[in-house]
Amino acid sequence: MQHKKVIELLQSEPSIYEINVKGWVRSYRSNRFIAINDGSTIKNLQCVVDFERFDESLLKRITIGAAISVTGVLIESLGQGQAVEVQVNTIEILGDADTEEVKLTILSPKRHTLEILREQAHLRVRTNTFSAVMRVRSKLSFAIHEYFQNNGFFYVNTPIITGSDAEGAGEMFKVTALDLEKVPKNEDGSINFKEDFFGKETNLTVSGQLEAETFAMALGQVYTFGPTFRAENSNTSRHLAEFWMIEPEVAFNDLAANMDLAEDFIKYVIQYALDNCKDDLEFLQERLAQEDKTKPEAERSGMLLQDKLSFVLENHFKRVSYTEAIDILKECKPNKKKQFKYPIEAWGTDLQSEHERFLVEKHFKCPVILFDYPAKIKAFYMRLNEDKKTVRAMDILFPGIGEIVGGSQREERYDVLKQKIVEMGIDEKELWWYLETRKFGTAVHSGFGLGFERLVLFVTGMSNIRDVIPYPRTPLNAEF
RNA sequence: UCCUCCUUAGCUCAGUUGGUUAGAGCAUCUGACUGUUAAUCAGAGGGUCCAAAGUUCGAGUCUUUGAGGGGGAGCCA
């Protein structure tokens with residue numbers, strides 16, 4: 001007898017042969033209908049028992065959350081709502097779930113808030129919403145590899161423990177094997193890292209970009225896809241202390257080619273999700289529509305999830321230079337009516353969330369790529385333009401998410417790069433290996449970083465980044 | 001880190017100018033039910049009112065401090 005997954009059975013024709021299916025009980029109605037789910041799909045399989053043929057003591061143990069094994073025959077359903085169901089011959093309880101204890105958890109069959117689900121993250125993946133999000137996350141992850149592998153990219157595993165603190169992408173987590181009770185000190189009172197494991201100060205990576213660049217100068221087209229750590233005290237629905245980032249890096253690509261790549265890549269993975277996660281996206285769409293109804297009129301998105309995704313696919317991302325964006329913002333109604341908390345006055349300051357949201361959600365009403373930012377507000381490695389004031393940076397802004405991609409054409413000129421490093425007060429000795437890429441066959445090259453969880457947020461329509469990663473790491477939270 | 005709101009049953013919440021025994025819905029339990037779809041119907045049990053201190057004859061309610069959480073901002077992906 002064959003052990004079948006729920007997803008296989010739901011797609012099968014009725015048959016006279018006995019099958020076996022294992023899963024967790026989602027509901028047991030009317031002393032007759034067991035809905036079981038095994039994670040293979042969001043849908044449940046209805047198993048029908050004739051209770052007169054079973055021990056009452058066995059049936060009592062069919063409770064929500066219990067793991068059971070069922071054998072029976074797949075027949076055409078006698079009821080509405082499903083095409084097939086299992087006529088049960090035998091039931092084995094694999095793992096009981098005490099109802100008095102289950103009722104204290106999110107497994108109890110009622111609505112729960114996302115906040116409560118977060119407190120029981122080890123159980124939340126048993127809910128429809130989370131299993132859907134996690135299946136979509138897995139598919140997106142695969143689509144990312146598929147896109148790059150199909151387009152001649154090589155997957156690079158850049159180090160997670162890093163010795164360089166030069167990227168400047170944020171506060172870093174320190175990595176040490178020193179006994180924190182008795183830290184070795186130098187004569188001047190500073191910590192003597194020579195006695196530490198690596199003989200120098202080390203941190204968890206905030207970006208694999210610099211290392212990826214060195215690989216792009218040999219393999220041509222590379223990408224990283226790994227965990228990234230930022231010790232920023234960020235308490236928002238868009239930030240995690242530990243998140244996953246995709247960083248392609250391509251030799252001979254200028255900024256325009258970089259933007260083309262980012263747009264093509266994002267559209268590919270979204271299309272992949274639409275094609276391969278239909279049931280989950282339908283559920284998430286319904287969930288989002290229900291959530292929308294509880295919101296005041298002004299905050300409603302008014303668009304179904306799958307329509308939102310299709311909209312991104314069908315429209316070119318609007319490409320706007322920083323300077324053009326400032327002009328638009330200066331002349332816009334909210335600025336003139338002084339509705340911005342930070343009014344737009346002069347060229348050169350960074351855009352605030354409210355400005356980015358205005359451009360994406362109100363003005364262009366589609367994803368926006370902002371490029372050619374003032375050099376002063378961007379990182380040292382970005383390619384300086386001929387005007388000497390701006391750099392070839394680009395940020396992709398998405399509705400509801402904000403910045404989903406940040407990238408640039410890299411400064412390939414040795415002298416210019418070295419001067420930038422000095423100007424920004426970075427220790428050039430730390431970056432000797434990075435500078436050497438500009439000495440030996442330097443070339444124009446570009447890349448970007450895409451926050452994986454922000455992509456999952458957009459595709460699933462969830463609103464808090466803590467709800468699209470299995471076990472979120474945020475300030476004051478490292479449970480599980 | 002800043003601003004703001006919240007914390008009462010397992011969950012979501014109500015709780016009057018400070019007053020006697022703190023309520024509802026869902027969930028759970030008991031019973032009924034052989035075609036249910038968040039099953040339905042009848043009944044029952046369930047409380048450190050976030051913590052500490054204070055004001056008061058009397059605090060779920062007022063004051064102070066602290067903790068945790070939501071939303072927004074900054075930093076960014």
Side-chain angles (χ1 to χ4, degrees), chain A residues 26-35 43-53 60 63-65 77-82 85 87 97-120 127-128 167-171 206-209 227-247 262 290 294-295 299 340-342 350-357 377-379 395-398 401-407 448-458 463-466 469 474-477 479:
Chain A
R26 282 294 179 80
S27 73
Y28 182 31
R29 280 185 298 271
S30 202
N31 214 5
R32 189 165 171 80
F33 304 101
I34 311 168
K43 299 201 164 133
N44 299 329
L45 179 68
Q46 175 155 289
C47 301
V48 186
V49 292
D50 184 354
F51 66 72
E52 284 174 345
R53 288 176 49 210
K60 279 260 177 226
T63 57
I64 287 158
S77 179
L78 303 179
Q80 303 291 311
Q82 58 280 313
E85 62 192 16
Q87 191 75 53
D98 186 315
T99 50
E100 284 295 332
E101 290 188 61
V102 164
K103 86 169 186 191
L104 304 181
T105 74
I106 57 161
L107 297 180
S108 60
K110 67 177 294 297
R111 289 208 179 283
H112 301 279
T113 58
L114 292 169
E115 288 81 30
I116 290 291
L117 260 55
R118 235 170 266 157
E119 289 169 13
Q120 298 179 36
T127 64
N128 285 333
E167 223 265 316
E171 291 294 311
V206 293
S207 162
Q209 180 202 316
T228 309
F229 307 87
R230 306 261 169 104
E232 299 286 348
N233 190 10
S234 297
N235 292 289
T236 80
S237 54
R238 304 180 305 281
H239 290 86
L240 291 165
E242 177 184 287
F243 64 100
W244 289 67
M245 184 155 67
I246 297 105
E247 295 180 288
Q290 291 298 328
T294 67
K295 286 183 183 167
E299 287 169 36
F340 284 145
K341 198 176 162 197
Y342 300 90
D350 211 352
L351 299 180
Q352 306 289 321
S353 287
E354 56 179 353
H355 307 137
E356 295 180 348
R357 274 215 312 277
I377 58 171
K378 288 290 179 180
D395 284 358
I396 302 185
L397 309 176
F398 261 46
I401 310 283
E403 186 179 342
I404 195 165
V405 160
F448 61 85
L450 179 138
F452 182 50
E453 283 76 17
R454 288 187 181 175
L455 176 70
V456 181
L457 263 187
F458 185 75
S463 46
N464 194 314
I465 201 162
R466 292 162 200 170
I469 188 167
T474 53
L476 297 174
N477 185 10
E479 188 75 43

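In the text below, chain A, chain B and the rest are named by the order of the sequence lines, each starting its count at 1.
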First encountered from the 5' end of RNA chain B, between A:Ser30 and A:Val49: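 First, find each residue's nearest nucleotide; the 5'-ward one identifies A:Val49.
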5' precedence on RNA chain B between A:Ile465 and A:Asp50 (nearest-nucleotide basis):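 Its nucleotide being nearer the 5' end, the pick is A:Asp50.
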Base, sugar-phosphate alone, or nothing: which one does [X] contact when heavy atoms must sit under 4.0 Å apart?
X: A:Leu476; value: sugar-phosphate
X: A:Arg26; value: nothing
X: A:Ser77; value: base
X: A:Gln352; value: sugar-phosphate
X: A:Gly449; value: sugar-phosphate
X: A:Ser353; value: sugar-phosphate
X: A:Val102; value: nothing
X: A:Arg238; value: base
X: A:Leu104; value: sugar-phosphate
X: A:Phe398; value: nothing
X: A:Arg466; value: sugar-phosphate
X: A:Gln46; value: base
X: A:Glu242; value: nothing
X: A:Ser237; value: sugar-phosphate

Dot-bracket pairing map - RNA chain B, Watson-Crick plus G-U, both contacts under 3.5 Å, | cross-strand: (((((((..((((.....[...)))).(((((.......))))).....(((((..]....))))))))))))....
Minimum heavy-atom distance A:Ala262-A:Ile396, with the two atoms named: CB-CD1, 3.6 Å
Minimum-distance pair of heavy atoms, taken over all atoms of A:Asp395 and A:Gly406: OD1-CA, 3.6 Å
Any A:Arg230 side-chain N or O less than 4.0 Å from OP1/OP2 of B:G74: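 For B:G74, OP1/OP2 do not have a side-chain N/O of A:Arg230 under 4.0 Å.
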Short side-chain N/O contact to B:G74 OP1/OP2 from A:Asn233, under 4.0 Å: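 Indeed not, no polar side-chain atom of A:Asn233 lies that close.
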If we only count heavy atoms from C-beta on, is the [X] to [Y] side-chain gap below 4.5 Å?
X: A:Val48; Y: A:Phe33; result: yes
X: A:Ile469; Y: A:Leu240; result: yes
X: A:Leu455; Y: A:Trp244; result: no
X: A:Ile106; Y: A:Ile116; result: yes

Ignoring hydrogens and geometry beyond distance, is a side-chain donor-acceptor pair present between [X] and [Y] at under 3.5 Å?
X: A:Ser27; Y: A:Arg29; result: yes
X: A:Glu247; Y: A:Ser207; result: yes
X: A:Arg26; Y: A:Asn128; result: yes

For atom [atom1], what is the distance between [N] and [M], given to the nearest Å?
N: B:A38; M: B:U12; atom1: C1'; answer: 15 Å
N: B:C33; M: B:C41; atom1: C1'; answer: 9 Å
N: B:G23; M: B:G47; atom1: P; answer: 13 Å
N: B:G69; M: B:C11; atom1: C1'; answer: 15 Å
N: B:A39; M: B:U20; atom1: C1'; answer: 43 Å
N: B:G68; M: B:U16; atom1: C1'; answer: 29 Å
N: B:C26; M: B:G19; atom1: P; answer: 29 Å
N: B:A22; M: B:A9; atom1: P; answer: 14 Å

What is the distance, to the nearest angstrom, from the [atom1] atom on [X] to the [atom2] atom on [N]?
X: A:Phe33; N: B:U40; atom1: CZ; atom2: P; value: 14 Å
X: A:Phe51; N: B:A32; atom1: CZ; atom2: P; value: 10 Å
X: A:Asn477; N: B:A67; atom1: CG; atom2: P; value: 16 Å
X: A:Glu171; N: B:C76; atom1: CD; atom2: P; value: 11 Å
X: A:Glu479; N: B:G69; atom1: CD; atom2: P; value: 11 Å
X: A:Ile34; N: B:A38; atom1: CD1; atom2: P; value: 17 Å
X: A:Arg118; N: B:G69; atom1: CZ; atom2: C1'; value: 9 Å
X: A:Leu107; N: B:C11; atom1: CG; atom2: P; value: 14 Å

Any N/O donor-acceptor pair, [X] side-chain to [N] base, under 3.5 Å:
X: A:Asn235; N: B:U1; value: yes
X: A:Arg29; N: B:C33; value: no
X: A:Glu119; N: B:G68; value: no
X: A:Arg32; N: B:U36; value: no
X: A:His239; N: B:C76; value: yes
X: A:Ser234; N: B:C75; value: yes
X: A:Gln82; N: B:U36; value: yes

Other residues, nucleotides, ligands: >12 heavy atoms within 6.0 Å of A:Arg111 CZ: no
Near-parallel close stack of A:Phe243 and B:A77 base (under 5.5 Å, under 30°): yes
Salt-bridge criterion met for A:Lys378 and A:Asp350 (N-O under 4.0 Å): no
Does any N or O in the side chain of [X] come within less than 3.5 Å of the main-chain N or O of [Y], such that one atom is a donor and the other an acceptor?
X: A:Glu232; Y: A:Glu171; value: yes
X: A:His239; Y: A:Thr236; value: no
X: A:Gln82; Y: A:Gln80; value: yes

Per A:Thr236 side chain, nearest of listed nucleotides B:G74, B:G69, B:A77: B:G74
Of the listed nucleotides B:C33, B:C76, B:C11, the one nearest the side chain of A:Ile116: B:C11
Output one line per pair: protein atom, nucleotide atom from nucleotides 27-29 of chain B, and distance, for all N/O pairs under 3.5 Å.
from	atom 1	to	atom 2	distance (Å)
B:U28	O2'	A:Glu100	OE2	2.7
B:C29	OP1	A:Thr99	OG1	2.6

